[in-house]
There are 2 protein chains.
Amino acid sequence: MHSKEFSKILTEKGLKVTIQRLAVYEALCRERVHPTSENIISIISEKYPSISAGTVYKTLDTFVEHKIIKRVKTDSDVMRYDSVLDRHHHLYCEENDRISDYYDEELDKILLEYFNNKKIPEFKIEDFKLQLVGKFTP
Amino acid sequence: MHSKEFSKILTEKGLKVTIQRLAVYEALCRERVHPTSENIISIISEKYPSISAGTVYKTLDTFVEHKIIKRVKTDSDVMRYDSVLDRHHHLYCEENDRISDYYDEELDKILLEYFNNKKIPEFKIEDFKLQLVGKFTP
DNA sequence: CTGCTTGCAAATGATTTGCAGGAAA
DNA sequence: TTTCCTGCAAATCATTTGCAAGCAG
């Protein structure tokens, strides 16, 4: 997606188009693998040293609020962000706190069908994601 | 489980049995619904006002390290703990950051079978958990 | 005894916040 | 112009840490 298209998204959501927001978007594109806030701040500061960390935090919050990106959390303690909004799952290794995306349409189909029939009392399912815990093999 | 049995677990893991550890265990039993560290600290301080927060944090870390409990994380920012170690999934409502356990053996069977046949390149699955995102209906 | 644990208080570090000035629409 | 955003720096708050004293084994 070009920054032009991205600007359009911002406008559609009633958000102003600013250098800072485009920069965060740019950083998210470059570091697509579940970056931490710190990752993004450091990428941005290379090219735009004047953009402040506070602004990056605010921008990320704004994006999450408007469903432009998602928060992801592992069992370690920093927040990570995910710019991919399609349904996907996560491969997670506890040892080194590494995450990878995992796409599996067949699996999605099985789960969708399963939960179409199965109703859970007192809960309305809107989405699901599977976390596969294990080890990355070199 | 009685505290006597729990003491045995501690001993088996080479951990000393202390009032503080039993108190944390007791609090975990009482507040089984994914308590935050703060929940546990406050429960403990009612009965044992002299146990310090730092100790509770250390104890929780020790328990996680020795796989006595698990860390659970939602997309909000505080750590939660889970004293149930059986395979189970989570119902999660983003609106109020509420989690519930969800047990479903049929689902587990389907997933186990699916991943027995399906191999993921460069990843060895050890466990999985499903997060069902949605809303609790009153 | 002797080393693991605790309590305390200070330190850390990620994230938030308040506010005055700046920029988009 | 008017509202929304940004930068800055201070504040917050969960969690960690260092260390002397305490207790379990």
Side-chain angles (χ1 to χ4, degrees), chain A residues 3-4 6-27 34-45 47-66 68-69 71-81 97, chain B residues 3-4 6-27 34-45 47-66 68-69 71-81 97:
Chain A
S3 67
K4 201 137 194 189
F6 186 71
S7 303
K8 202 176 149 200
I9 291 183
L10 291 177
T11 306
E12 282 169 2
K13 307 237 180 204
L15 297 170
K16 291 193 174 164
V17 177
T18 65
I19 311 272
Q20 290 81 351
R21 287 178 174 160
L22 294 177
V24 170
Y25 167 68
E26 202 179 291
H34 311 285
T36 60
S37 324
E38 216 199 324
N39 291 152
I40 295 171
I41 290 166
S42 106
I43 291 176
I44 287 183
S45 71
K47 194 165 168 187
Y48 310 89
S50 63
I51 295 183
S52 74
T55 298
V56 175
Y57 278 110
K58 283 176 196 162
T59 304
L60 289 169
D61 284 354
T62 306
F63 285 3
V64 169
E65 232 169 75
H66 289 82
I68 295 170
I69 60 177
R71 272 186 221 285
V72 185
K73 212 161 220 184
T74 67
D75 297 347
S76 87
D77 64 345
V78 285
M79 205 63 88
R80 287 162 182 279
Y81 295 88
D97 194 39
Chain B
S3 68
K4 201 140 196 184
F6 187 71
S7 301
K8 201 176 150 202
I9 291 183
L10 290 177
T11 306
E12 282 169 0
K13 308 238 180 204
L15 296 170
K16 292 192 172 163
V17 178
T18 64
I19 311 271
Q20 291 81 350
R21 285 176 176 161
L22 295 178
V24 170
Y25 166 68
E26 203 179 291
H34 312 287
T36 59
S37 324
E38 217 200 322
N39 292 153
I40 296 171
I41 291 167
S42 105
I43 290 176
I44 288 182
S45 71
K47 193 164 168 186
Y48 310 90
S50 63
I51 294 182
S52 73
T55 298
V56 175
Y57 278 110
K58 281 176 196 161
T59 305
L60 289 170
D61 284 353
T62 307
F63 286 3
V64 170
E65 231 169 77
H66 289 81
I68 295 170
I69 59 176
R71 272 186 220 285
V72 185
K73 213 161 222 186
T74 66
D75 297 347
S76 87
D77 63 347
V78 287
M79 205 64 90
R80 287 162 182 280
Y81 295 89
D97 193 38

- Of all heavy-atom pairs between B/E26 and B/K47, which one has the smallest distance, and what is that distance? OE2-NZ, 3.1 Å

- Task: Check every strand shown and say whether B/T62 touches a base, only sugar-phosphate, or nothing at a heavy-atom separation below 4.0 Å.
- Result: nothing

- Message: For a quick check, with a 4.0 angstrom heavy-atom cut-off, what is the B/S/- contact string for nucleotides 20-25 of chain D, read 5' to 3'?
- Response: ----BS

- Would you call the rings of B/F6 and B/Y25 parallel, tilted or perpendicular, where under 30° means parallel and over 60° means perpendicular? parallel

- Query: How many Å lie between CE on A/M79 and P on D/dA14, as a whole number?
  - Reply: 13 Å

- Message: Which nucleotide wins on minimum distance to the side chain of A/D61, given the candidates C/dT16, D/dG7, C/dG7?
- Response: C/dT16

- Describe the nucleic acid contact of B/S50 in one word from base, sugar-phosphate, nothing, applying a heavy-atom distance below 4.0 Å. sugar-phosphate

- Note on the structure: Looking only at D/dG18, C/dA14, D/dC5, the nucleotide nearest the B/K58 side chain is D/dG18

- Task: Would you name the heavy atoms of A/A23 and A/I51 that are closest together and state the gap between them?
- Result: CB-CD1, 3.8 Å

- In whole angstrom, give the distance that lies between atom CG of B/L10 and atom P of C/dT6. 10 Å

- Query: Do the side chain of A/D61 and the main chain of A/K58 share a donor and acceptor less than 3.5 angstrom apart?
  - Reply: no

- Query: If you count the non-hydrogen atoms of other residues, nucleotides and ligands that lie under 6.0 Å from NZ in B/K8, is the total more than 12?
  - Reply: no

- Starting at CZ of A/R71 and ending at C1' of C/dT16, how long is that distance when rounded to a whole Å? 12 Å

- Task: Determine to 10° how strongly the helix from C/dC1-D/dG25 to C/dA25-D/dT1 is bent, judged from the axes of its five-pair ends.
- Result: 40°

- Worked verdict on A/F63 versus A/L10 for side-chain contact (heavy atoms from CB on, under 4.5 Å): CA-CA 9 Å; A/F63 285 3; A/L10 291 177; 4.0 Å; yes

- Note on the structure: From CZ of A/R21 across to C1' of D/dG7 the rounded distance in Å is 14 Å

- Could you state the CG-P distance from B/L60 to D/dA14, rounded to the nearest angstrom? 14 Å

- Message: Could you report the tightest heavy-atom contact between B/A27 and B/I43, atom names first, then the distance?
- Response: CB-CG2, 3.8 Å

- Quick one: is D/dT15 close enough that its OP1 or OP2 comes under 4.0 Å of any side-chain N or O from B/Y57? yes

- Message: Tell me the closest heavy-atom pair linking B/T59 and B/R21, and the distance in Å.
- Response: CG2-CG, 3.8 Å

- Between atom CG in B/N39 and atom P in D/dC13, what is the gap in whole Å? 16 Å

- Message: Please give me the minimum heavy-atom distance between B/Y81 and B/R71, naming the atom from each residue.
- Response: OH-NH1, 3.0 Å

- Can you check the A/E38 CD to C/dG13 P distance for me, whole Å? 10 Å

- Message: Counting only side-chain nitrogens and oxygens, does A/Q20 get under 4.0 Å of the OP1 or OP2 atom of D/dG7?
- Response: yes

- Query: Do B/S37 and B/V78 pass the side-chain contact (heavy atoms from CB on, under 4.5 Å) test, and can you show the C-alpha distance, the side-chain angles, and the key distance before you say yes or no?
  - Reply: CA-CA 8 Å; B/S37 324; B/V78 287; over 6 Å; no

- A/Y48 OH to D/dT6 P, straight-line distance once rounded to whole Å: 13 Å

- Message: With a 4.0 Å limit, can you tell me whether A/S52 has a side-chain N or O closer than that to the phosphate oxygens OP1/OP2 of D/dG7?
- Response: yes

- With sugar-phosphate meaning primed atoms plus P, OP1 and OP2, does B/S37 contact a base, only sugar-phosphate, or nothing at under 4.0 Å between heavy atoms? sugar-phosphate

